[in-house]
Undergrad: 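Quick one: this structure, given as structure tokens, is what I'll be asking you about.
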Amino acid sequence: KARISNQQGNIDKAISDFKNAKSLYASIKDTISIAKVNSNLGVLEIKNGNYKDGLAYALSAIKELEKRELFDELSKNYDNLANTYETTGNLEKAITYYLKKLDVDNRSNNIDGLVNTNKNLGDIYTKKENYIQAVSYYESALGYASSSDEKLRAQILPYLGNAYLKDKD
């Protein structure tokens, strides 16, 4: 029900529905489902601009997700946290969660996640004017991008070129 509300763009209803589901799962002590609901609540609250609440939900989900090695959920959670910290200007925390996401994506062989996360790390290091590190992450992103996916590689190359140019200035 909550996912349908979210797909229909009714975020407030989706949040309410997820909170109701969380109460039900709590009553039967289903910790995995509670963690997944908290993960979804984190995404929705952040999407709604409620960073503090979103971070709290996402962080509360992580412990159980890590214990159960639910890599897809962890990857989504880490990405959500990293994006939020990056948006709010806390680049060091963003880097921390992107690195955790890289680890999880490596363990689950999530190639798309590895490409995107390496690119995101390159973007952060470019913002920090650490171009050598940025180049390294952009090159990693290219390495994971399939040689047959020219469109994806073409999206990364300008960022790599820009970091090379700025490093030479």
Undergrad: To the closest 0.5 Å, what do you measure between CG (Asn50) and CG (Leu41)?
TA: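 That separation rounds to 11.5 Å.
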Undergrad: Which atom names give the shortest non-hydrogen contact between Ser60 and Asn38, and what distance separates them?
TA: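 For Ser60 versus Asn38, the nearest heavy atoms are OG-ND2, 3.2 Å.
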Undergrad: For side-chain contact (heavy atoms from CB on, under 4.5 Å), just list the numbers for Leu91 and Tyr85, CA-CA rounded to whole Å, side-chain angles, deciding distance to a tenth of an Å, and then say yes or no.
TA: CA-CA 6 Å; Leu91 299 182; Tyr85 283 121; over 6 Å; no
Undergrad: For the pair Asn110 (side chain) and Gly113 (backbone), establish whether a donor and an acceptor sit closer than 3.5 Å, ignoring hydrogens and angles.
TA: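 Yes, Asn110 side chain to Gly113 backbone: donor-acceptor pair under 3.5 Å.
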Undergrad: If only atom types and distance count, is the side chain of Thr126 paired as donor or acceptor with the main-chain N or O of Gly122 below 3.5 Å?
TA: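 The answer is yes, because a donor-acceptor pair under 3.5 Å joins these two groups.
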Undergrad: With side chains defined as the heavy atoms from C-beta onward, is the minimum distance between Lys76 and Asn40 less than 4.5 Å?
TA: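 Side chain of Lys76 against side chain of Asn40, heavy atoms only: contact under 4.5 Å found.
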Undergrad: With a 3.5 Å distance limit and no angle check, can you tell me whether Asn48 reaches the backbone of Leu44 through a side-chain donor-acceptor pair?
TA: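 Not a single qualifying donor-acceptor pair exists.
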Undergrad: Within a strict 4.5 Å, meaning less than it, do heavy atoms of the Glu86 and Lys127 side chains meet?
TA: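 They are in side-chain contact.
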Undergrad: Spell out, yes or no, whether Tyr51 and Ile11 are grouped together once hydrophobic residues are joined by side-chain heavy atoms under 4.5 Å, including indirect joins.
TA: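 No, separate clusters.
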Undergrad: Around Asp72, counting heavy atoms of other residues, nucleotides and ligands shown, do more than 12 lie under 6.0 Å from its CG?
TA: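 Open: at most 12 neighbouring heavy atoms sit under 6.0 Å from CG of Asp72.
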Undergrad: Rounded to the nearest 0.5 Å, how far does OH of Tyr25 lie from OG of Ser33?
TA: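 OH of Tyr25 is found 4.5 Å from OG of Ser33.
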Undergrad: With a 4.5 Å heavy-atom cut-off, do Ile95 and Lys128 have their side chains touching?
TA: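 They are in side-chain contact.
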Undergrad: Test side-chain contact (heavy atoms from CB on, under 4.5 Å) on Asp79 and Asn120 and set out the steps.
TA: CA-CA 10 Å; Asp79 190 58; Asn120 290 338; 4.2 Å; yes
Undergrad: Check whether more than 12 heavy atoms from other residues, nucleotides or ligands sit under 6.0 Å from atom CD1 of Ile132, and answer yes or no.
TA: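 Not more than 12 within 6.0 Å, no.
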Undergrad: If I take atom OG from residue Ser136 and atom OH from residue Tyr131, how far apart are they, to the nearest 0.5 angstrom?
TA: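 If we round to the nearest 0.5 Å, Ser136:OG and Tyr131:OH are 16.0 Å apart.
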Undergrad: Please name the pair of heavy atoms, one in Val135 and one in Ala163, separated by the smallest distance, quoted to 0.1 Å.
TA: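 Distance-wise, the nearest heavy atoms are CG2-CB, 3.7 Å.
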Undergrad: For Tyr138, is the NZ or CZ atom of Lys119 found under 6.0 angstrom from the centre of its six-membered ring and inside 45 degrees of the ring axis?
TA: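 Judged by the rule (NZ or CZ under 6.0 Å from the ring centre, within 45° of its axis), Lys119 is not positioned above Tyr138.
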Undergrad: I'd like to check Tyr137 versus Leu102 (side-chain heavy atoms, cut-off strictly below 4.5 Å). Are they in contact?
TA: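 They are in side-chain contact.
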Undergrad: In the structure I gave you, are the side-chain heavy atoms of Thr87 and Thr84 within less than 4.5 Å of one another anywhere?
TA: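 In short, these two side chains do not touch, never coming nearer than 4.5 Å.
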Undergrad: As a quick check of understanding, evaluate side chain to side chain donor-acceptor pair (under 3.5 Å) for Tyr98 and Asn83, giving each step before the final call.
TA: CA-CA 9 Å; Tyr98 278 135; Asn83 285 324; 2.6 Å; yes
Undergrad: Nearest 0.5 angstrom please: Leu74 CG to Glu64 CD, how far?
TA: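 Answer for the CG-CD pair, Leu74 versus Glu64, is 10.5 Å.
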Undergrad: Following the transitive rule for hydrophobic clusters with a side-chain heavy-atom cut-off under 4.5 Å over Ile, Leu, Val, Met, Phe, Trp and Tyr, establish whether Ile15 and Ile4 coincide in one cluster.
TA: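 Different hydrophobic clusters.
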Undergrad: Looking at every heavy atom in both Ala145 and Arg153, which two are closest together, and how far apart are they?
TA: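 Closest approach of Ala145 to Arg153: O-NH1, 3.6 Å.
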Undergrad: Does this structure show an ion pair linking Glu69 with Arg107, if we count only N-O contacts that are shorter than 4.0 Å?
TA: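 Yes, Glu69 and Arg107 are salt-bridged.
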Undergrad: Checking Ser27 side chain against Leu24 main chain: does a donor-acceptor pair fall under 3.5 Å?
TA: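 Present.
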Undergrad: Would you mind reporting whether Ile62 and Tyr97 have side-chain heavy atoms less than 4.5 Å apart?
TA: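 A side-chain contact under 4.5 Å exists here.
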Undergrad: Should Thr31 and Arg68 be marked as a side-chain contact (heavy atoms from CB on, under 4.5 Å) after you check the CA-CA gap, both sets of side-chain angles, and the distance that decides it?
TA: CA-CA 10 Å; Thr31 57; Arg68 306 293 180 134; 3.5 Å; yes
Undergrad: Using the side-chain contact (heavy atoms from CB on, under 4.5 Å) rule, take Lys22 and Tyr57 through it: C-alpha gap first, then chi angles, then the decisive distance, then the call.
TA: CA-CA 12 Å; Lys22 183 178 172 181; Tyr57 281 120; 3.9 Å; yes
Undergrad: Under a 4.5 Å cut-off applied to non-hydrogen side-chain atoms, are Thr96 and Tyr78 in contact?
TA: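 Counting from C-beta outward, Thr96 and Tyr78 never come under 4.5 Å.
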Undergrad: If you compare all heavy atoms of Ile46 against all heavy atoms of Leu55, which two are closest, and at what distance to 0.1 Å?
TA: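 Between these two residues, the closest heavy atoms are CD1-N, 4.1 Å.
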Undergrad: If hydrophobic clusters are built from ILVMFWY residues whose side chains come within less than 4.5 Å, do Ile32 and Val43 share one?
TA: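 Different clusters.
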Undergrad: List the atom of Asp105, the atom of Ser75, and the distance in Å for their closest heavy-atom pair.
TA: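 Shortest heavy-atom separation between Asp105 and Ser75 comes out as OD1-OG, 2.8 Å.
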Undergrad: Around atom NZ of Lys63, are there more than 12 heavy atoms of other residues, nucleotides or ligands at under 6.0 Å?
TA: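 Not buried by this count: 12 neighbours or fewer within 6.0 Å.
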Undergrad: Mind checking the OH-CD spacing from Tyr164 to Glu139? Nearest 0.5 Å is all I need.
TA: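 Result: 3.5 Å between the selected atoms.
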Undergrad: So which atom in Ala134 and which in Tyr125 form the shortest heavy-atom distance, rounded to 0.1 Å?
TA: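 Smallest interatomic distance, heavy atoms only, reads N-CB, 3.7 Å.
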Undergrad: Can you confirm whether Lys166 sits close enough to Glu129 that some side-chain heavy atom of one is under 4.5 Å from a side-chain heavy atom of the other?
TA: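 Result no, sub-4.5 Å side-chain heavy-atom pair not found.
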Undergrad: In Å, rounded to the nearest 0.5 Å, how long is the span from OG1 of Thr117 to CG of Leu121?
TA: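 So the OG1 of Thr117 and the CG of Leu121 are separated by 7.0 Å.
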Undergrad: Which residue in the set Val104, Leu65, Leu70 passes side chain to side chain contact (heavy atoms under 4.5 Å, CB included) when paired with Asn77?
TA: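 Exactly one pass, corresponding to Leu65.
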